[in-house]
2 protein chains.
Amino acid sequence: MEKQTVTIYDVAREAAVSMATVSRVVNGNPNVKPATRKKVLEVIDRLDYRPNAVARGLASKKTTTVGVIIPDVTNAYFSSLARGIDDIAMMYKYNIILTNSDENGGKEVQVLNTLMAKQVDGIIFMGNQVTDELREEFRRSKAPIVLAGSVDAEKTQPSVNIDYVAAVAEAVKNLIDHGNEKIAFVSGSMDQAINHDYRLKGYKKALKDAGIAYDDKLVFETDYTYKAGQSLEPALSAAGATAAFVGDDELAAGVMNGLTDAGVAVPDEFEVITSNDTKLTELVRPKMSSITQPLYDIGAVAMRLLTKLMNNETVDENTVILPYGLMKRSSTK
Amino acid sequence: MEKQTVTIYDVAREAAVSMATVSRVVNGNPNVKPATRKKVLEVIDRLDYRPNAVARGLASKKTTTVGVIIPDVTNAYFSSLARGIDDIAMMYKYNIILTNSDENGGKEVQVLNTLMAKQVDGIIFMGNQVTDELREEFRRSKAPIVLAGSVDAEKTQPSVNIDYVAAVAEAVKNLIDHGNEKIAFVSGSMDQAINHDYRLKGYKKALKDAGIAYDDKLVFETDYTYKAGQSLEPALSAAGATAAFVGDDELAAGVMNGLTDAGVAVPDEFEVITSNDTKLTELVRPKMSSITQPLYDIGAVAMRLLTKLMNNETVDENTVILPYGLMKRSSTK
DNA sequence: CTTTGATGTGAAAGCGTTTTCACCCTTGCG
DNA sequence: CGCAAGGGTGAAAACGCTTTCACATCAAAG
C-alpha cells in the first residue's frame with residue numbers, strides 16, 4: 001500500500017475549479033473571489049493536499065533552497081555562522097543544503113556543481129582558499145554567491161566579514177603594550193587568504209608601528225586542531241616567544257593547555273590571545289582573551305544579503321564589514 | 001544577459017539522437033552503442049551540459065537529498081553526528097537539507113512538512129521529545145525516517161544509539177565505587193525521553209544495585225548550556241552532593257567550572273562525569289571523564305541505515321545499538 | 001533463407017506545478 | 001444605455017527530465 005499523493009489536479013476536480021485557480025489560492029494570489037477561495041481551501045484541507053515543491057521548482061525556476069558550503073560543521077566558529085545563516089534562511093522561507101568541504105578545493109568545486117545542478121537560488125560559501133578553478137565556477141553560477149566569514153584575495157564576490165587586519169593589529173598591539181617583544185603568530189595554512197593576506201598583515205603592522213622587527217621564526221603555520229596547538233609548546237619556547245596571537249580558538253586552547261601542561265604559566269609567563277570568541281574561550285582555564293566577532297550575525301547578515309541578491313534588490317554595499325572588538329579575559333595581563 | 005541554460009534537448013539535437021538516448025548516456029545505461037555514447041559525450045562536453053536535478057527529481061520521483069533535523073548545530077554533540085551523516089550521505093551521492101529545530105515541537109512539525117514537500121528521499125531526525133503530533137507526521141511520511149542519537153519512548157522508528165541505560169548505570173556505579181553516596185543527576189529537560197526514560201533509569205539502577213536510596217532532591221533539571229551548569233554550584237553544595245553525573249558536555253563544563261570557581265576542588269572534593277565525549281572534555285581542566293560514544297559513527301551508521309531503507313533493501317535490525325565506553329580523565333578519581 | 005532474440009534507438013507520455021492568454025462578467029461612469 | 005476597465009477564471013503551454021513501448025536492426029540458429 002504505497003501512500004497516495006494528492007495533486008493540484010485532484011483538488012481542482014473536487015472543488016470544481018481549474019488548476020490555475022487552486023494554484024492561485026495556494027500562492028495567495030489576491031485575484032480570487034473569497035467564496036471560491038474558501039471552497040478551495042476546504043477541499044485542500046479535506047484532501048490534505050500538500051504542494052510538491054519539486055514540481056513547483058521546475059515550473060517557477062525557484063527552489064527556495066540555498067546551498068551552504070562549510071569547511072567543517074564541527075568547528076565552533078563555522079557552526080556559529082551556520083546557525084545564523086539557517087535562522088535567517090528559515091525566516092525568509094528558505095532551506096539550507098549544507099555540505100562540508102574540508103576546505104578541499106576539489107571537493108568544493110564538485111559540491112558547487114551539484115548545488116547548481118540542484119538549482120539552488122543562492123549559495124553561501126565559507127572557506128578561505130578560493131582557487132582559480134573555484135573562482136571560475138563562481139563566475140559560471142547564475143545563482144548569487146556570498147562569502148561569509150571568509151575572504152578572497154580578489155574581492156570579486158559579495159561578502160560579510162570583520163576587518164581582520166585591524167582586529168589582529170589591535171590584538172597584537174595589546175600584547176606589545178604588555179611589554180612583549182617576541183610575539184608568536186600561530187595560524188592555519190598560509191595558503192589561506194585570511195592568514196596570509198589579512199591576519200599576517202595586521203600582525204606585521206602592529207610590529208612595525210611599535211618599531212619591532214618582523215621575524216619569520218615566530219610565525220607558526222599549523223593545523224586548526226587542538227592537538228596541533230598542544231604540541232606547539234616546545235617550539236614556542238625555543239623561539240623565545242612570550243606571547244602568541246592565535247588564529248583559531250580550538251587551536252588556541254591547545255596552545256594554552258600545552259603551555260600550562262609544560263609548566264609555563266599563562267598569562268604570567270606567556271600571554272595568549274585568540275581570534276574567534278567562540279564558546280570555547282569561556283570554557284578553558286584561564287579563560288581566553290580574544291578578538292570578538294559577531295559570529296551569529298556574520299552568518300545572519302550574509303544570508304540576509306543573499307536574499308536581497310536573489311530578489312534582484314539593489315544592495316548599497318556588496319562587501320559588508322561588521323564591527324569587532326577585543327575581549328580581555330584571563331589569558332592576557 | 002541572463003545566463004542561458006542548455007537542456008537535454010539541445011544536446012539531443014546537436015548530437016542527432018533522441019532525448020532518450022542522451023538520458024541513457026547521462027545515467028550510465030549500458031544499452032547504448034559505444035559510438036553513440038562517445039558522440040553524445042562530446043556534445044555534452046562541448047555544450048557544457050549539466051542535468052537539471054529538479055526536473056530529474058520530478059520525473060524520477062527521487063531527489064537524492066535527505067532532510068536532517070538537528071536541535072542545534074552549534075552543539076558539539078549534534079554537530080559531530082551531523083558530520084558523520086553528511087560524510088556518508090556524500091559517499092552515497094545524497095545531499096543534506098539541514099534544519100535547526102531547537103527541539104521545539106512546533107518547529108519540528110513544520111520543518112518535517114517542508115522537507116516532505118521538498119520530496120526528500122529520507123529523513124534523519126535528532127531530538128528527544130517526540131510528541132504525538134510529531135509521531136503522527138512520521139507515520140504520514142512516505143520517506144523513511146531514522147532517529148540518530150535520539151530515542152523515542154515508543155520505539156516505532158528505526159534508530160541508532162548506544163545503550164544509555166547501561167552506560168549511565170556504569171558511569172554512576174563508577175562514582176559509587178569511589179565512595180560517593182550523594183550523587184547528583186544533572187540533565188536537560190525531563191520531558192526528553194533520553195533523560196526521563198533512559199538516563200534516569202540507569203542512574204536509579206546503579207543506586208539500587210548499590211543499595212543507595214534514590215533522592216529526587218539530587219536530580220537537577222536544567223538547560224543544556226554552559227551558563228546553566230556554572231550557576232548550579234550553590235544548589236549542588238546545598239544538596240550535599242559529592243559527585244555528579246551530567247547529561248551534556250557543555251553543561252558539565254559549566255558545572256565543573258562553577259564548582260572550581262567556588263573553590264570546590266574537582267575531583268578531590270567533587271567528582272564529575274559527563275555523557276558525550278565531545279572535544280570539550282579534553283579542553284577543560286581538569287579534563288572530564290566521560291561516557292564515550294562513537295559520535296561520528298552514530299551519524300554515519302544512521303545515514304547508512306537510511307540509504308538501505310531508501311533503497312528498499314531488507315535490513316536485519318531496525319534498531320542499532322553501538323558500543324559505548326567509559327573514559328577516565330581527571331574529573332573523577 | 002526465415003526465424004528468433006538481443007540490442008539499440010526514438011516518440012511520446014508523463015511528473016505536478018506555474019504562468020500566460022484569452023475570455024467572460026460585473027461595475028461604474030459619461 | 002453604451003462602453004471601458006477591471007476582476008475572476010479556465011485552457012493549455014511550458015518547465016527539463018525519465019521511462020515505457022514499439023520499432024528497427026543485426027547476428028546467430030534452424
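Convention: sequence-line order gives letters A, B, ...; per-chain numbering from 1. The structure displayed is predicted, hence computed values, not measured ones.
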If only atom types and distance count, is the side chain of B/Asp297 paired as donor or acceptor with the main-chain N or O of B/Ala300 below 3.5 Å? no
Side-chain (B/Ser150) to main-chain (B/Gly127) donor-acceptor, under 3.5 angstrom: yes
Partners passing salt bridge (charged side-chain N to carboxylate O under 4.0 Å, His left out) against B/Glu103 (at least two apart in sequence or in another chain): none
Check: A/Ser23/A/Asn27 side-chain N/O donor and acceptor closer than 3.5 Å: yes
Residues within residues 40-64 of chain A bordering DNA chain D, heavy-atom distance below 4.0 Å: A/Leu58, A/Ala59, A/Lys61
Go through the structure and list residues passing ring pair (Phe, Tyr, Trp, His ring centres under 6.0 Å) with B/Tyr77, not counting sequence neighbours. none
How would you give the extent of chain B contacts on DNA chain D, as first and last nucleotide 5' to 3' within a 4.0 Å heavy-atom cut-off? D/dG16 to D/dT20
Does a side chain donor of either B/Arg37 or B/Asn29 reach within less than 3.5 Å of an acceptor in the other side chain? no
In Å, rounded to the nearest 0.5 Å, how long is the span from CG of B/Leu147 to OG1 of B/Thr319? 9.0 Å
List for me each residue that meets salt bridge (charged side-chain N to carboxylate O under 4.0 Å, His left out) alongside B/Arg46, sequence neighbours excluded, and say none if there are none. B/Glu14
Taking only residues two or more places apart in sequence or in another chain, which ones pass side chain to side chain contact (heavy atoms under 4.5 Å, CB included) with B/Lys118? A/Ala53, A/Thr64, A/Thr65, A/Asn95, B/Ile97
Suppose we screen for salt bridge (charged side-chain N to carboxylate O under 4.0 Å, His left out). Which residues come up paired with A/Lys38, at least two apart in sequence or across chains? A/Glu42
Say you draw a straight line from CG of A/Leu81 to OH of A/Tyr296; how long is it, rounded to the nearest 0.5 Å? 11.5 Å
Distance check, rounded to the nearest 0.5 Å: A/Ile124 atom CD1 versus A/Tyr94 atom OH? 11.5 Å
Interface limits on DNA chain C, where chain B has a heavy atom under 4.0 Å of a nucleotide atom: C/dG8 to C/dG16
Can you list every pair that meets salt bridge (Lys or Arg N to Asp or Glu O under 4.0 Å) and has a residue in residues 78-94 of chain A, with sequence neighbours left out? A/Arg83-A/Asp87, A/Arg83-B/Asp72, A/Arg83-B/Asp102
Per the under-4.0 Å heavy-atom filter, residues of residues 115-122 of chain B near DNA chain C come out as none
Any residue in residues 14-31 of chain B with a heavy atom nearer than 4.0 angstrom to DNA chain C? Just list them by number, or reply none. B/Ala16, B/Val17, B/Ser18, B/Ala20, B/Thr21, B/Arg24, B/Asn31
Partner set under side chain to side chain contact (heavy atoms under 4.5 Å, CB included) for A/Glu137, not counting sequence neighbours: A/Val109, A/Leu112, A/Asn113, A/Arg140, B/Arg50
Exam field: side chain B/Ser80 to backbone B/Ala76, donor-acceptor pair closer than 3.5 Å: yes
